[in-house]
Asks: 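Can you read through this structure? Questions will come right after.
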Amino acid sequence: MQLFETVREMGHEQILYCHGKNPDIRAIIAIHDTSLGPAMGATRLYPYINEEAALKDALRLSRGMTYKAACANIPAGGGKAVIIANPTDKTDDMLRAYGRFVESLKGRFITGQDVNITPQDVRTIQQETNHVVGVEEKSGGPAPITALGVFLGIKAAVEFRWQTQRLEGMRVAVQGLGNVGKNLCQHLYENGVQLFVSDIRPEKTVEIKNLFGATVVEPEEIYGLDVDIFSPCAMGGIINSQTIPQIQAKIIAGAANNQLENERLHGQRLIEKGILYSPDYVINAGGIINVYNEMIGYDEDKAFKQVNNIYDTLLKIFGIAYQQGITTNDASKRLAEERILQARAIKNQQLAA
């Protein structure tokens with residue numbers, strides 16, 4: 001990877017490499033764009049195979065956060081942080097050292113919990129910086145509201161594709177049964193959906209089977225099921241040249257970040273196959289809506305009202321894509337970039353005044 005060229009092409013403002021020996025910590029903080037406000041993005045702790053893989057993840061996720069905030073009409077920019085570590089090696093000293101790196105950015109970057117970061121970890125990070133959200137006592141975490149947004153996004157896709165708001169009797173395959181996936185399964189079950197689920201953790205699939213009568217399938221079988229909707233709620237990059245030929249669903253709508261391995265290539269292949277794709281950073285925006293409201297003073301009613309806008313935003317994006325003959329991913333980017341350019345223009349006017 002040619003680092004500076006990649007960062008320039010993706011439009012990032014700043015990349016911070018965080019390294020310490022006592023305690024041992026390796027982390028990357030990527031700030032993509034702050035035109036709309038300070039960069040917001042959760043922190044992911046993961047045993048990446050190498051530093052290049054960690055950087056690639058941080059760059060893509062932080063750019064996605066910029067578009068996510070813009071499409072959700074949240075006055076925040078996009079950022080992301082990754083800590084390169086095995087979860088078993090996580091310590092309070094490591095997290096506090098990371099908190100000091102966040103503090104050094106003086107509010108340009110505001111973080112929270114992602115993969116392998118718990119609410120308790122957030123409280124540990126908070127001992128070194130106030131620029132962290134997602135503390136359990138304030139809002140209860142982002143999973144329930146994120147799942148609600150994904151559920152509403154599924155309903156929007158169903159309305160656009162089949163001109164109905166009813167989900168009863170539809171077959172939905174959910175990949176990944178973490179906190180968001182589990183909450184999503186509950187919404188779908190309560191609306192009469194027939195569930196098919198997979199997860200690399202057998203105890204998760206057993207739980208969802210017992211709770212919601214889901215049919216459990218092996219992880220490698222989830223793509224090729226004869227279902228109406230495929231909902232990826234695990235890791236990214238799973239919509240690719242190997243999986244697209246297997247997919248029989250007519251809608252892809254899930255919570256995972258960076259679902260398309262190659263946005264341009266695989267977005268176009270979904271169109272060619274007649275699959276309606278709900279851009280991940282639009283449909284899973286409930287999390288950033290939740291933590292933004294926590295940052296400004298949590299109001300549950302206001303947060304839920306904002307997450308309900310995901311439905312209308314996706315219908316707008318689907319319409320733009322259909323009318324202009326472009327991918328839904330490109331349509332969502334155009335919508336986001338319009339809002340970012342408007343914000344920059346206002347800032348420039350204020351500076352010139």
Side-chain angles (χ1 to χ4, degrees), residues 1-69 76-118 120-134 235-237 257-258 261 263 281 287-288 291 295 340:
M1 177 185 291
Q2 297 180 338
L3 174 59
F4 289 104
E5 181 65 19
T6 300
V7 172
R8 185 191 66 79
E9 288 179 356
M10 296 184 74
H12 283 75
E13 295 178 2
Q14 185 177 8
I15 308 296
L16 179 67
Y17 286 85
C18 313
H19 180 266
K21 291 185 177 180
N22 188 22
D24 182 36
I25 181 172
R26 291 183 299 156
I28 301 170
I29 299 175
I31 296 177
H32 180 255
D33 191 282
T34 57
S35 300
L36 291 170
M40 295 188 70
T43 296
R44 172 174 295 186
L45 188 147
Y46 194 76
Y48 293 95
I49 57 172
N50 54 42
E51 293 174 3
E52 182 177 323
L55 175 61
K56 180 180 178 181
D57 208 23
L59 292 176
R60 288 193 66 186
L61 289 167
S62 56
R63 183 181 63 177
M65 288 299 294
T66 296
Y67 294 142
K68 182 180 298 190
K80 195 72 180 182
V82 296
I83 299 175
I84 307 169
N86 194 300
T88 58
D89 297 328
K90 180 174 60 177
T91 66
D92 285 356
D93 285 344
M94 175 194 292
L95 295 170
R96 292 188 64 170
Y98 170 68
R100 292 191 288 274
F101 284 120
V102 173
E103 180 63 21
S104 72
L105 288 166
K106 303 184 185 302
R108 272 175 53 79
F109 175 63
I110 300 163
T111 194
Q113 66 180 99
D114 197 352
V115 176
N116 295 319
I117 297 292
T118 68
Q120 178 57 50
D121 294 335
V122 171
R123 288 192 289 273
T124 301
I125 295 169
Q126 195 181 39
Q127 293 178 33
E128 301 292 340
T129 180
N130 289 323
H131 305 301
V132 61
V133 291
M235 298 295 282
N257 288 308
N258 293 333
E261 185 177 67
E263 293 176 357
Y281 53 76
I288 193 173
V291 295
M295 184 176 69
I340 291 168

Asks: Should T43 and V102 count as side-chain neighbours, where that means a heavy-atom distance under 4.5 Å?
Replies: no
Asks: Whether the side chain of T129 engages the backbone of Q126 through a donor-acceptor N/O pair (distance < 3.5 Å, no angle test) should be reported.
Replies: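 Answer holds: no.
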Asks: Take a 6.0 Å sphere around CD of Q127 and say whether it holds more than 12 heavy atoms from other residues, nucleotides or ligands.
Replies: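 Enclosed: over 12 neighbouring heavy atoms sit under 6.0 Å from CD of Q127.
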Asks: Roughly how far, to the nearest 0.5 Å, is the CD atom of E13 from the CZ atom of R108?
Replies: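 If we round to the nearest 0.5 Å, R108:CZ and E13:CD are 5.5 Å apart.
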Asks: Is the number of heavy atoms from other residues, nucleotides or ligands within 6.0 Å of OH (Y46) greater than 12?
Replies: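 Open.
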Asks: So, do M94 and L45 sit near enough that their side-chain heavy atoms are less than 4.5 Å apart?
Replies: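 The answer is yes; the side chains approach within 4.5 Å.
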Asks: Could you tell me if the side chain of I29 sits less than 4.5 Å from the side chain of C18, heavy atoms only?
Replies: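 A side-chain contact under 4.5 Å exists here.
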Asks: What closest approach, in Å, do A76 and M40 show between heavy atoms, and which atom pair accounts for it?
Replies: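 Distance-wise, the nearest heavy atoms are CB-SD, 3.7 Å.
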Asks: I'd like to know if the side chain of N258 and the backbone of G236 have a donor-acceptor N/O pair within less than 3.5 Å.
Replies: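 Looks like no, no N/O pair under 3.5 Å.
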Asks: Please name the pair of heavy atoms, one in Y98 and one in A81, separated by the smallest distance, quoted to 0.1 Å.
Replies: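 The pair with the smallest heavy-atom distance is OH-CB, 3.0 Å.
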Asks: Are the side chain of H32 and the backbone N or O of A39 linked by a donor-acceptor pair below 3.5 Å?
Replies: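 Not at all, since once roles are kept as given, no pair shorter than 3.5 Å links the two residues.
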Asks: Given T111, which partner from the list V133, L105, V132, V122 fulfils the side chain to side chain contact (heavy atoms under 4.5 Å, CB included) test?
Replies: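 The option that passes is V132.
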Asks: Looking at CZ of R44 and CG of D57, how far apart are the two atoms once the value is rounded to the nearest 0.5 Å?
Replies: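 The distance works out to 5.0 Å.
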Asks: How many angstroms lie between CD in E128 and OG in S104, if you round to the nearest 0.5 Å?
Replies: 11.5 Å
Asks: Applying side chain to side chain donor-acceptor pair (under 3.5 Å) between K90 and each of D121, T118, N116, T124, report the one that passes.
Replies: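 Of D121, T118, N116, T124, side chain to side chain donor-acceptor pair (under 3.5 Å) with K90 is met by D121 alone.
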Asks: Taking the side chain as every heavy atom from C-beta outward, state whether L59 and I28 have any pair of such atoms under 4.5 Å apart.
Replies: no
Asks: To the nearest 0.5 Å, how far apart are CD1 in I125 and CD in Q120?
Replies: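 Reported value, rounded in 0.5 Å steps: 10.5 Å.
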Asks: Hey, could you give me the CG/CZ distance between L16 and F101, rounded to the nearest 0.5 Å?
Replies: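 Going from CG on L16 over to CZ on F101, the span is 7.0 Å.
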Asks: Which atom names give the shortest non-hydrogen contact between A58 and A30, and what distance separates them?
Replies: O-CB, 3.8 Å
Asks: Which heavy atom in D33 sits nearest to a heavy atom in L36, and how many Å separate them?
Replies: OD1-N, 4.4 Å
Asks: Is a side-chain donor-acceptor pair under 3.5 Å present for D93 with T91?
Replies: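 No, no side-chain donor-acceptor contact under 3.5 Å.
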Asks: What I'd like to find out is whether the side chain of R60 reaches to under 4.5 Å of the side chain of K80, using heavy atoms alone.
Replies: no
Asks: Distance from T66 atom OG1 to Y281 atom OH, nearest 0.5 Å?
Replies: 10.5 Å
